[in-house]
There are 2 protein chains.
Amino acid sequence: MKIVIIGGVAGGASAAARARRLDENAEIVVLERGEHPSFANCGLPYYVGGKIQSRDKLLVAPVKMLRDRLRLDVRTRSEAIQIDREAHQVWVRNLDTGQETSESYDKLIIATGASPFRPPIPGVDGSRVLELRDLKDADRMHALATSGSKRAVILGAGFIGIEIAENLVRRGIAVTILELADQILPPWDREMIGPIDAHMRQQGVDIRLGLSVESFEETPTGLRVQLTSGETLDADFAAVCIGVRPESKLAAEAGIVCGARGGIQTTANMQTNDPDIYAVGDVVEVECFVSKTPVQIPLAGPANRQGRIAADHIFGRDSKYRGTQGTAIVGVFEKTAAMTGLSEKVLQRIGTPYEKVYIHPADHAGYYPGAEGMTLKLIFDPSTGKVLGAQAVGSSGVDKRIDIVAMAIQAGMTVDDLEEVELCYAPQYGHAKDPINMAGFVAAGVVRGDQPIVHADASLAESQANHFLLDVRSEAEFASGHIPAATNVPLESLRERIAELPRDRRIIAYCKVGQRGYLATRILMQHGFDVANLSGGYTSWLAANPSPTT
Amino acid sequence: MKIVIIGGVAGGASAAARARRLDENAEIVVLERGEHPSFANCGLPYYVGGKIQSRDKLLVAPVKMLRDRLRLDVRTRSEAIQIDREAHQVWVRNLDTGQETSESYDKLIIATGASPFRPPIPGVDGSRVLELRDLKDADRMHALATSGSKRAVILGAGFIGIEIAENLVRRGIAVTILELADQILPPWDREMIGPIDAHMRQQGVDIRLGLSVESFEETPTGLRVQLTSGETLDADFAAVCIGVRPESKLAAEAGIVCGARGGIQTTANMQTNDPDIYAVGDVVEVECFVSKTPVQIPLAGPANRQGRIAADHIFGRDSKYRGTQGTAIVGVFEKTAAMTGLSEKVLQRIGTPYEKVYIHPADHAGYYPGAEGMTLKLIFDPSTGKVLGAQAVGSSGVDKRIDIVAMAIQAGMTVDDLEEVELCYAPQYGHAKDPINMAGFVAAGVVRGDQPIVHADASLAESQANHFLLDVRSEAEFASGHIPAATNVPLESLRERIAELPRDRRIIAYCKVGQRGYLATRILMQHGFDVANLSGGYTSWLAANPSPTT
């Protein structure tokens, strides 16, 4: 058995290692275009910023180790340029000598990844317009970041753009981020990401939303960036991070079937339309685990698992990829945003009914020092309660809560299950009722009809004339800020003052985070009022209605 | 509807709040023996140690709030002394006046909790022998800890004993812990808890295992503690923390059925044998979620959920308690131990077949600064791969991994599922192959027969004559310490030197943590050798065979 693997990073390296463990006698050739296979691509921004000081740390599996331990025939600086399916051959160009040779295969694994999309903007190919995909890119950006650069422009506020911004700030560089969407970190829902946006601005990052670049122009001293808004920015360099495209050209040219977004289509065994050719990692189109629709989600974890699965299948094992659920996390200046499953915007796009709840818990018991707040949004099927997705933003404990919901989604759990799950509790780690239990309580109450809720979105503002907005916080809280047109009746006196409330309109109750509003809703429902609780309370309202200055 | 609740902490308070939300008109009486209902009992050790500075922080739901918001009739310093089931009455003693009155009920909820067990040792009732259950106890210990005490003896190395030890050390007090078992933190398996034991000793805690107290004797200046070993310790005070007993006497006297361990038996709706009487929290016997056997596990999370369930059932809802899975966590001097599901020792006791694997990952990618090691033990059914339990010891990220396995157990997942789950990954939070995935890979490989394993326990030592111990680490690693009688053949030269290995005996391969040992096992299996990998490698061997000095 001779296996040729094109691409030696996450998916390709995993496939190679797994294949060797399954067969000592297989001939395994890894073709890697760059100088190093299996480098830590997720660490590149942190090398640029100096958080990771030694470049060697990024070389997680040096060629020598792969050769000595796994007996892989690793060929760096070797680019696959053509697949001859008929002849079962790959044509390979040696990037040092230019020589082209053919390599035969019994099974071929395509792990070519995805490449940064470079928009057709004048000047985008200039030497001061960078991307950050591999070590070579990182070396260039590192050199610019450590040689007196004062200003940088980042095009795109996705994961990589945000991570580069943090790391350039760490180098003392003034950063402007340009994002065409109306929010940073587009995979998250907009109202969730406000705290990250605000926090980055506090750290001095200049974030410009809803615009892009008209042109890049090199000047004697740097780069002039012309924005679509008409404004001009001067910078020492720019980074383009507006997403990636699967590098499927080689496959497509050989007649391998690709999907609408350009990703190679495979079976659950990672097999393409040619049974002797597999594809894994960012180059493939995957099925969303939750929606069962085809998606293009470039993530390291799925790439690694796909690599294993392809090798398994080559050696007769029926391992199957279950689909990608989009679990993702990004850290920036000690803040964390994480998500799993479907976002509200994706659910709207695909037309799936959903409901959502917001809670604002602390990461651990409030009476133990150091508790930090987070916002957790849980998205679920309004009739069955099945968990569809979750997003969380905060500091400590955010990754844990999203991992827990990721497990719930894997297991097909409902919000009732989240009420009951038993998680670690000591006051420095969580709560006797963990935020996950709390989100389950609230959501299950909504599904069961115990607690009608509304949300702090456009529909609330539109329906304002038809409802009575009831603030059940204390008088002091109310005085320090409230939703316009709200009436304050503190929860503690609600029962006595119930005659003051209207019976001809719906009452929208709210408090700071939703808990007193829930109790008020329960009280008023039992007294025959038409009432709903504002999910997440005033805190969620503020997130959805930021003051114009931010 | 009139509901009387005996006990106002976790389970009782949750039941009261839930009952009010379900029925505005119910009369809800909470009888609390102490001065405060709903105090933060898990915070008591940290108040003693000064980590929580203000005593007021422990009063999480003051009486006034419960009255004003929930209209609960909270009666503190009121002890239930008799239940008259026939008359549907509880007799209550006012602890201030001594007056006894009766309180009628339609439904009664018993949430009397569990009280520290005080062994029948001479002097155990002296004024310098403390326990730590309620605020009154905390006040006493706080006073002694902050008024010049120099030495303390703690009897029992369970959760509370360990937490008190940490907090007294924080006050500059020299602490000796006495534990009858041969390990601290008996719920964990012994080989897992070594790092916590060693770390506490490094912090100056004097830990004595396998002994107990013969007598306590008050002296003019303090306390003399006579040990079963014959030794005598002088101390300013002692704390007795050798477990708790359900406070079910009141219930039992009224004919409520209790189990063998003294806990009240209930249905899944938390109903006792008297349909008008419910019981929740530490006073009840619960079913283990995993083994389906009756257990007595005092935990705050389950108590809270049981309270909700009892209130639900009173108001006609069929909420059911699913059983307790024993998810637990303890922190001590920046180290963390957590567990969920069944331990190996429980599985041995109940005679359930199991297999286990050990891994020693870092909490996040090693190339990102600050990675901290942990040990994770995963226990599973050897034929089906169903997850039965997990234990982890380390620092950062331990709580997260155990919560993830807790979800897997709730969902009835197998180790194959753990291979596939998709968790948050960025280098500062985890790994592209999270420790949970890794544990799944290893365990699933064992279930599938890809990787025979052995463990660093007594059986390994016993069978030593019958096997060949192969250390596949580097020569330098081998030279710095190895298992006695091992032969070193580094993985990198294993294939060349394969003729040196015996075919008449089983080969036990090992490396530092198990990964190279796994590859060596795969290589040798394919060459026809009888071989097994030592799970967790030399690291696990060291944990199971600590040097005599520690």
Side-chain angles (χ1 to χ4, degrees), chain A residues 10 21 24 40 42-43 46 51-52 57-58 60 68-69 71 299-302 304-305 322 324-325 327-331 338 365 367-369 399-400 402-404 406-408 410-411 413 417 419-430 432-434 491-492 495 516 519 522-523 526-527, chain B residues 10 21 23-24 40 42-43 46 51-52 57-58 60 68-69 71 299-302 304-305 322 324-325 327-331 338 365 367-369 399-400 402-404 406-408 410-411 413 417 420-430 432-434 491-492 495 516 519 522-523 526-527:
Chain A
R21 287 195 300 268
E24 265 298 284
C42 301
Y46 303 96
K51 185 87 187 176
I52 298 171
K57 288 224 167 195
L58 299 173
V60 288
D68 289 350
R69 290 192 184 169
R71 302 291 150 113
L299 287 170
N304 278 293
R305 290 198 298 285
R322 299 182 179 184
T324 299
Q325 69 184 79
T327 307
I329 191 164
V330 63
Y367 63 80
Y368 191 92
D399 57 336
K400 175 165 82 169
I402 291 301
D403 276 352
I404 292 169
M407 293 296 288
Q410 277 284 324
M413 283 184 173
D417 293 318
E419 291 188 288
E420 298 300 324
V421 296
E422 187 183 315
L423 303 167
C424 289
Y425 168 59
Q428 63 273 55
Y429 301 97
K433 297 167 186 164
D434 192 86
L491 175 61
E492 290 74 8
R495 293 172 179 92
R516 280 171 287 171
L519 184 52
R522 292 298 305 159
I523 294 169
Q526 293 184 54
H527 283 89
Chain B
R21 288 196 299 270
D23 191 347
E24 264 298 281
C42 301
Y46 303 96
K51 185 87 186 177
I52 298 172
K57 288 223 169 197
L58 299 173
V60 288
D68 289 350
R69 291 190 182 168
R71 300 294 149 112
L299 286 170
N304 278 292
R305 289 198 298 285
R322 299 181 178 185
T324 299
Q325 70 183 81
T327 307
I329 190 165
V330 64
Y367 63 78
Y368 191 91
D399 57 335
K400 175 165 82 170
I402 291 301
D403 275 352
I404 292 169
M407 294 295 289
Q410 276 285 323
M413 284 182 171
D417 293 319
E420 298 300 325
V421 295
E422 187 183 316
L423 302 167
C424 290
Y425 169 59
Q428 63 273 57
Y429 302 96
K433 297 169 186 163
D434 192 85
L491 175 63
E492 290 73 8
R495 293 173 181 90
R516 279 171 288 171
L519 184 52
R522 292 298 306 161
I523 294 168
Q526 294 183 56
H527 282 90

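Sequence lines set the chain letters: A, B, ... in the order given, protein chains first and strands last, and positions in each chain run from 1.
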Engaged part of B:Glu24 at the chain A interface, taking heavy atoms whose separation is under 4.5 Å = both

Which residue out of B:Asp403, B:Thr324, B:Val421, B:Leu491 racks up the most heavy-atom pairs below 4.5 Å with chain A?
-> B:Asp403

I would like to know whether B:Tyr367 and A:Ile52 meet side-chain contact (heavy atoms from CB on, under 4.5 Å); could you show each step before the answer?
-> CA-CA 7 Å; B:Tyr367 63 78; A:Ile52 298 171; 3.5 Å; yes

Atom CG of B:Leu423 and atom OG1 of A:Thr327: how far apart are they, to the nearest 0.5 Å?
-> 6.5 Å

Partner set under side chain to side chain donor-acceptor pair (under 3.5 Å) for B:Asp399, not counting sequence neighbours = A:Lys400

Region of B:Val60 that comes under 4.5 Å of a non-hydrogen atom in chain A | side chain

Top of B:Lys57, B:Lys51, B:Arg21, B:His527 for chain A proximity - count of heavy-atom pairs under 4.5 angstrom = B:Arg21

Is it true that B:Arg495 and A:Asp68 have a side-chain N and a carboxylate O under 4.0 angstrom from each other?
-> no

Is there side-chain contact between B:Gln410 and A:Asp417, with at least one heavy-atom pair below 4.5 Å?
-> no

Which value, rounded to the nearest 0.5 Å, describes the distance between B:Ile404 atom CD1 and A:Ile404 atom CD1?
-> 7.5 Å

Of all the heavy-atom pairs spanning B:Gln428 and A:Gly331, show the shortest one and how long it is.
-> NE2-CA, 3.9 Å

Atom pair CG/CG of A:Asn304 and B:Asp434 - distance to nearest 0.5 Å = 11.5 Å

How many angstroms lie between CZ in B:Arg71 and CD in A:Glu492, if you round to the nearest 0.5 Å?
-> 8.5 Å

Name all residues meeting the salt bridge (charged side-chain N to carboxylate O under 4.0 Å, His left out) criterion together with B:Glu422; count only those two or more places apart in sequence or in a different chain, and write none if there are none.
-> A:Arg305

Locate the shortest heavy-atom distance separating B:Pro427 from A:Cys42; write the atom from each residue and the value.
-> CG-O, 3.5 Å

Output the option from B:Asp23, B:Val330, B:Leu58 having the highest count of non-hydrogen pairs under 4.5 Å with chain A.
-> B:Asp23

Is it the backbone or the side chain of B:Gln526 that comes under 4.5 Å from a heavy atom of chain A, or both, or neither?
-> side chain

Among A:Leu299, A:Ile402, A:Leu519, the residue with the most heavy-atom pairs under 4.5 Å to chain B is A:Leu519

At a heavy-atom separation under 4.5 Å, does A:Tyr46 approach chain B through its side chain, its backbone, both, or neither?
-> side chain

If one checks every heavy atom of B:Ala338 against chain A at 4.5 Å, the contacting part turns out to be side chain

Give the member of A:Pro369, A:Ala426, A:Ala411 that has the highest number of heavy-atom pairs under 4.5 Å with chain B.
-> A:Pro369

Which bit of B:Met413 comes within less than 4.5 Å of chain A, counting heavy atoms only: side chain, backbone, both or neither?
-> side chain

Largest heavy-atom contact set with chain B, pairs under 4.5 Å, which of A:Glu419, A:Gln325, A:Arg516 | A:Gln325

